[in-house]
Amino acid sequence: MTTYDAFAEAFDSHARVSAYNAHYDRPSLLELLGPVAGLRILDAGCGSGLYAAELTARGASVVGIDASTELIRIARERSEAGEFRVHDLSEPLSWAGSGEFDRIVMALVLHHLPHPPVTLGELHRVLADDGHLLVSTVHPTSDWLRLGGSYFSDELVSETWHDDWDVTYRRAPLSAVLDDFFAAGFVVDALVEPRPAPSMQAEYPEVHDKLEREPAFIAFRFTKR
């Protein structure tokens, strides 16, 4: 799994205000999540704690986990109310009990997982029977339009983002992405192809216009079968 230790501070500075994070992914996924007061939430791949801080402010009890030691440090500084652990999502959640969490949020993490079925199986175990798993990820058509080739390619891609962020991610068609969730025992409860938040238009008009024409991300709410 990609670790962001080498550029944690730069990632946090970017994610706090960027068009795709602050005005696209977070508003849409938080809306899909709905009210959270009194709920116990696992923020799986919490990064620098931006989701966790918002969820605790809304009254949830949040446990955030991430493979990056540096991002967890920033998350702890951002939100003293949350509980944060350094944990690689490819490893079992041995510290968490079955059905412990009412909600699980996994924002823009899925495409970085080395073994999605293993991770999703553990998330299924720790999610309450009546709970929801909220996931956002790159829209498969976005990768296809940008990278070309076959839409049905299922492969790992290594790239450098923002000049010095070396990342590896999975490019896969929607059917392959969903098959991993179905195999883990999840079913789709809701699917959202986000539209940019109104706040994006003033700060990032060109990105706003692009995202009004074509999606960059896709979000799901899953329940247990």
* Asked: Are the side chains of Leu133 and Phe220 in touch, meaning some heavy atoms are under 4.5 Å apart?
  -> no
* Assess whether side chain to side chain contact (heavy atoms under 4.5 Å, CB included) is satisfied between Asp43 and Ile65, documenting all intermediate values. => CA-CA 6 Å; Asp43 187 354; Ile65 59 175; over 6 Å; no
* Asked: For residues 118-130, which residue pairs qualify under salt bridge (charged side-chain N to carboxylate O under 4.0 Å, His left out), counting only residues two or more places apart or in two chains?
  -> Glu122-Arg125, Asp129-Lys224
* Find out whether Val109 and Leu89 are in side-chain contact, i.e. whether some heavy atom of one side chain is under 4.5 Å from a heavy atom of the other. => yes
* To do: Can you sort out the partners of His14 under ring pair (Phe, Tyr, Trp, His ring centres under 6.0 Å), two or more places apart, ordered by chain and number?
  => His162, Trp165
* To do: Take Leu71 and Phe7, measure what side chain to side chain contact (heavy atoms under 4.5 Å, CB included) needs, and give me the verdict at the end.
  => CA-CA 9 Å; Leu71 286 177; Phe7 45 88; over 6 Å; no
* Structure fact -> Looking only at heavy atoms, the pair that brings Ala219 and Leu32 closest together is CB-CD2, 4.2 Å
* What do the steps show when you test Glu9 against Arg73 for salt bridge (Lys or Arg N to Asp or Glu O under 4.0 Å), and what is the final call? -> CA-CA 10 Å; Glu9 294 283 355; Arg73 176 186 60 78; 2.8 Å; yes
* Taking only residues two or more places apart in sequence, or in another chain, which ones meet Asp102 in a salt bridge (charged side-chain N to carboxylate O under 4.0 Å, His left out)? -> none
* Please examine the side chains of Leu30 and Tyr51, heavy atoms only from C-beta on, and report whether any two atoms are closer than 4.5 Å. => yes
* Report the residues that fulfil salt bridge (charged side-chain N to carboxylate O under 4.0 Å, His left out) with Glu31, sequence neighbours left out, ordered by chain and then residue number. => none
* Looking only at non-hydrogen atoms, find the nearest pair between Asn21 and Pro27 and report the distance. => O-CD, 4.0 Å
* Tyr169 vs His111 aromatic rings, parallel, tilted or perpendicular, using cut-offs 30° and 60°? -> perpendicular
* Main-chain N/O of Ser48 paired with Arg78 side-chain donor or acceptor, under 3.5 Å -> yes
* Is the backbone N or O of Glu155 less than 3.5 Å from a side-chain atom of Ser153, with the two atoms forming a donor-acceptor pair by type? -> no
* Mind listing the closest non-hydrogen atom pair of Trp144 and Ser150 along with its distance? => CD1-C, 3.9 Å
* Report yes if some heavy atom in the side chain of Leu42 is under 4.5 Å from a heavy atom in the side chain of Leu93; otherwise report no. => yes
* **Those residues that, when tested against Phe101, pass ring pair (Phe, Tyr, Trp, His ring centres under 6.0 Å) (two or more places apart)** => none
* With distance as the sole test, does Thr168 use its side chain to make a donor-acceptor pair with the main-chain N or O of Ser158 at under 3.5 Å? -> no
* Asked: Between Ser90 and His115, is a side chain to side chain donor-acceptor pair (under 3.5 Å) present by the stated rule, with each step listed?
  -> CA-CA 6 Å; Ser90 63; His115 307 292; over 6 Å; no
* Asked: Can you find a pair of side-chain heavy atoms, one from Thr223 and one from Phe186, that are under 4.5 Å apart?
  -> no
* **Side-chain heavy atoms of Ile72 within contact of Cys46, under 4.5 Å** => yes
* Ser68 versus Asp66, side-chain donor and acceptor atoms under 3.5 Å -> no
* Determine, stepwise, if the pair Val135 / Phe222 fulfils side chain to side chain contact (heavy atoms under 4.5 Å, CB included). => CA-CA 8 Å; Val135 175; Phe222 294 97; 4.1 Å; yes
* To do: Indicate the atoms forming the closest heavy-atom contact of His87 with Pro92, along with that distance.
  => CE1-O, 3.0 Å
* Structure fact -> In short, salt bridge (charged side-chain N to carboxylate O under 4.0 Å, His left out) pairs touching residues 15-30 with sequence neighbours left out are Asp12-Arg16
* Asked: Do the side chain of Trp161 and the main chain of Val167 share a donor and acceptor less than 3.5 angstrom apart?
  -> no
* Shared hydrophobic cluster for Leu110 and Leu191 (ILVMFWY, side-chain gaps under 4.5 Å) -> yes
* Asked: Which pairs with one or both residues in residues 175-194 pass salt bridge (charged side-chain N to carboxylate O under 4.0 Å, His left out), sequence neighbours excluded?
  -> Arg170-Asp180, Asp189-Arg221
* Structure fact -> Using a 4.5 Å side-chain heavy-atom cut-off and chaining through intermediate ILVMFWY residues, the residues clustered with Val187 come out as none
* Leu156, Val138: one ILVMFWY side-chain cluster at the under-4.5 Å cut-off? -> no
* Asked: What's the spacing between Ile41 CD1 and Glu100 CD if we round to 0.5 Å?
  -> 13.0 Å
* When hydrophobic residues are tied together by side-chain contacts of less than 4.5 Å, even through go-betweens, does Leu113 share a cluster with Leu178? -> yes
* To do: Take the angle between the ring planes of Tyr4 and His112 and call it parallel below 30°, perpendicular above 60°, tilted in between.
  => perpendicular
* Asked: Do you know the tightest heavy-atom contact between Ala67 and Val86?
  -> O-CG1, 3.9 Å
* Structure fact -> Sorted by chain and number, sequence neighbours left out, ring pair (Phe, Tyr, Trp, His ring centres under 6.0 Å) with His132 holds for none
* Under 3.5 Å donor-acceptor, Ser79 side chain and Arg76 backbone -> no
* Could you check if a side-chain atom of Leu147 sits within less than 4.5 angstrom of a side-chain atom of Glu159, using non-hydrogen atoms only? => yes
* Going by the salt bridge (charged side-chain N to carboxylate O under 4.0 Å, His left out) test, which pairs reach into residues 199-215, not counting sequence neighbours? -> Arg195-Glu212
* Asked: Any donor and acceptor pair, going by atom type alone, linking the side chain of Glu77 with main-chain N or O of Ile74 inside 3.5 Å?
  -> no
* Taking only residues two or more places apart in sequence or in another chain, which ones pass ring pair (Phe, Tyr, Trp, His ring centres under 6.0 Å) with Tyr24? -> Phe217
* To do: Give the minimum heavy-atom separation between Val17 and Tyr204, together with the two atoms involved.
  => O-OH, 2.8 Å
* Asked: Got more than 12 heavy atoms from elsewhere within 6.0 Å of CZ, Phe152?
  -> no
* Asked: Residues in salt bridge (charged side-chain N to carboxylate O under 4.0 Å, His left out) with Glu80, at least two apart?
  -> none
* **Pairwise side-chain contact, Met200 with Val207, heavy-atom cut-off 4.5 Å (strictly under)** => yes
* Check the hydrophobic clustering (I, L, V, M, F, W, Y; side-chain heavy atoms under 4.5 Å; chains of links allowed) and say if Leu39 and Leu33 are grouped together. => yes
* Would you kindly confirm whether Leu123 and Val188 end up in one hydrophobic cluster when ILVMFWY residues are joined by side chain heavy atoms under 4.5 Å apart? => yes
* **From CA spacing to verdict: side chain to side chain contact (heavy atoms under 4.5 Å, CB included), Thr69, Asp5** => CA-CA 7 Å; Thr69 301; Asp5 276 344; 4.1 Å; yes
* Calculate, to the nearest 0.5 Å, the distance between atoms OH and OG belonging to Tyr20 and Ser136 respectively. => 14.5 Å
